[in-house]
Amino acid sequence: MTADQQTIKEKIKKLQKEKDVVILAHYYVDGEVQEIADFVGDSYFLAQKAVDTPQRNILFCGVSFMGESAKILNPDKKVIMVDEYADCPMAHMVDIRRIHEIRQQYEDVAVVCYVNSTAEIKAESDVCVTSSNAIRVVKALPNRHIFFIPDNNLGRYVAEQIPEKDFIFHDGFCHVHTSISAEQIKEAKKLHPEALVLSHPECTSDVLKLSDFIGSTSEIIDYASNSGQDKFIICTEMGIFYELQQKNPQKKFYSVGHRQFCPNMKKITLEKVERALASMSPEVIVGQELAGRANTALAKMLELAK
Ligand code: 13P
Ligand code: SF4
């Protein structure tokens with residue numbers, strides 16, 4: 001660690017205490033940012049933490065939909081982002097008109113939105129899911145028809161585990177996870193034949209077919225940490241390597257290409273964390289009426305995923 005980094009970290013800790021802020025970070029932000037966070041986790045864990053923590057203010061080291069969800073779940077807390085332009089493109093890949101069309105076509109449909117979606121989309125949905133609770137939540141719904149938005153790959157993965165329901169899919173995707181190809185995995189397997197392949201369900205189905213384990217970021221970390229194996233090929237965003245290596249210094253983790261990199265998550269830097277804390281901005285603002293409607297889908301997720 002450089003002297004500059006050490007100074008910034010000290011300033012962050014001081015500001016955080018003074019201003020009563022809890023710092024939440026996703027596993028895809030850089031390791032040095034994960035290091036200063038109070039809690040690091042997958043999207044589900046972070047949504048729960050946003051509700052559980054006593055601090056009056058939350059600083060979110062992640063992309064817009066994460067901060068927005070924290071605000072919707074905690075209208076009385078102040079939620080600050082590190083970079084207001086750190087956004088997930090997938091969150092914008094479905095529009096409200098499409099939801100209305102499907103609702104007209106299928107009377108009994110449940111609109112299930114991945115947490116990687118905007119507040120407007122959550123407000124039009126019946127329930128929200130994350131990659132770690134999607135199967136549990138969808139199984140618990142009484143509806144036979146499920147309109148799964150926006151991620152096509154996660155939707156198809158969930159549908160495979162719940163054959164008794166009829167899914168309608170959308171065409172959203174994550175450019176980071178879909179950049180990982182089956183060919184790259186085969187190449188990585190040639191180099192490391194004994195390594196297990198651990199993948200996020202936002203990957204395409206041909207990648208998932210070659211995987212030994214499929215799960216959210218936290219689930220991938222838990223699987224690798226509890227496994228008796230010591231070599232793993234990791235098919236998700238590279239930020240996860242920090243925690244994998246921290247928890248398992250003796251194990252080896254391999255990437256499969258050069259594009260396992262989310263440019264939006266990488267907008268989060270220590271310098272910007274310090275700036276956001278000093279100015280207590282940019283603040284996440286969600287209108288009361290919209291937040292109320294979006295909260296229904298998020299609160300239902302928290303209840304069904306218990
Ligand atoms: P999880 O951490 O919930 O697995 O989510 C992955 C993701 O893409 C967040 O942007
Ligand atoms: Fe969105 Fe993919 Fe980046 Fe996650 S990794 S924030 S899904 S673009």
Side-chain angles (χ1 to χ4, degrees), residues 24-30 33-34 37 39-50 60-70 73 81-94 112-118 121-122 128-138 148-155 157-158 170-180 198-204 207-208 211 213-224 234-244 255-268 298 301-302 305:
L24 305 180
H26 189 266
Y27 285 125
Y28 292 163
V29 300
D30 274 338
V33 178
Q34 293 186 41
F39 298 100
V40 186
D42 68 5
S43 312
Y44 179 42
F45 174 84
L46 294 174
Q48 285 175 310
K49 274 292 155 212
F60 225 110
C61 303
V63 289
S64 304
F65 74 82
M66 297 178 169
E68 230 176 40
S69 298
L73 287 164
M81 297 306 289
V82 173
D83 185 318
E84 63 186 312
Y85 301 108
D87 197 1
C88 170
M90 194 215 287
H92 303 275
M93 288 185 184
V94 61
V112 176
C113 77
Y114 191 24
V115 71
N116 299 37
S117 53
T118 60
I121 292 300
K122 289 185 176 82
C128 224
V129 293
T130 73
S131 56
S132 66
N133 63 36
I135 297 169
R136 202 163 52 235
V137 169
V138 174
F148 196 99
I149 50 174
D151 190 18
N152 187 285
N153 292 307
L154 178 64
Y157 169 69
V158 172
H170 191 62
D171 56 6
F173 64 93
C174 162
H175 68 98
V176 180
H177 289 88
T178 54
S179 77
I180 299 170
L198 314 185
S199 300
H200 194 278
E202 287 176 21
C203 292
T204 53
V207 166
L208 298 184
S211 304
F213 177 76
I214 300 163
S216 75
T217 49
S218 297
E219 290 169 332
I220 289 175
I221 292 165
D222 289 348
Y223 184 91
I234 302 296
C235 303
T236 189
E237 212 275 344
M238 60 187 273
I240 199 173
F241 284 83
Y242 175 75
E243 184 71 6
L244 283 169
S255 61
V256 286
H258 305 292
R259 294 183 55 206
Q260 283 174 253
F261 175 90
C262 176
N264 282 290
M265 289 286 187
K266 299 303 180 260
K267 287 179 181 160
I268 313 305
L298 276 167
M301 169 185 85
L302 295 180

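The residues of the chain are indexed from 1 along the displayed sequence. Computed from a prediction, not measured in an experiment: that's the story for all the values here. Whatever order the structure lists them in is the order used to number ligands and atoms, beginning at 1.
Counting heavy atoms from C-beta on, the side chains of V115 and K122 come closer than 4.5 Å. Contact of the T118 side chain with the H92 side chain is registered, since non-hydrogen atoms from C-beta on lie closer than 4.5 Å.
Protein heavy atom nearest atom 2 (Fe) of ligand 2, with residue, atom name and distance: C174 SG, 2.3 Å. Residue, atom and distance of the protein heavy atom nearest to atom 5 (O) of ligand 1 are S43 OG, 3.3 Å. At the top of the distance list for atom 1 (Fe) of ligand 2, counting protein heavy atoms only, stands C88 SG, 2.3 Å. When hydrogens are left out, the protein atom nearest atom 3 (Fe) of ligand 2 is C262 SG, 2.4 Å; that is the closest non-hydrogen contact. When only non-hydrogen protein atoms are considered, atom 4 (Fe) of ligand 2 lies nearest to Y28 CE1, 4.0 Å. The nearest protein atom to atom 6 (C) of ligand 1, hydrogens excluded, is given as H200 NE2, 3.4 Å; this is a heavy-atom distance. The closest protein non-hydrogen atom to atom 8 (O) of ligand 1 is E202 OE2, 3.0 Å.
The shell of residues lying under 4.0 angstrom from ligand 1, judged by heavy atoms, includes Y28. For E202, the closest heavy-atom approach to ligand 2 falls below 4.0 Å. At least one heavy atom of S131 sits closer than 4.0 Å to an atom of ligand 1. Put simply, part of N116 is less than 4.0 Å from ligand 1, judged by heavy atoms. Within the 4.0 Å heavy-atom shell around ligand 1 one does not find E219. Using 4.0 Å as the threshold, H26 has a heavy atom nearer than that to some atom of ligand 1.
Contacts between M66 and ligand 1 below 4.0 angstrom, taking non-hydrogen atoms only, involve the side chain exclusively. When heavy-atom distances to ligand 1 are checked against a 4.0 Å cut-off, T130 has no atom that comes that close, whether in backbone or side chain. At a 4.0 Å heavy-atom cut-off, ligand 1 does not touch T236 at all.
Between H177 and Y28, the angle of the ring planes lies from 30° to 60°, which puts this pair in the tilted group.
Of all atoms in ligand 2, numbered sequentially from 1 with element shown, those under 4.0 Å from a heavy atom of P89 are 8 (S). Which parts of ligand 2 touch N116 is read off a 4.0 Å heavy-atom cut-off, strictly below it: atoms 7 (S).
Residue contacts with ligand 1: T217 is placed with a nitrogen or oxygen under 3.5 Å of a nitrogen or oxygen of the ligand (distance criterion only).
Residue contact annotation: H175 places no N/O/S atom under 2.8 Å from atom 3 (Fe) of ligand 2.
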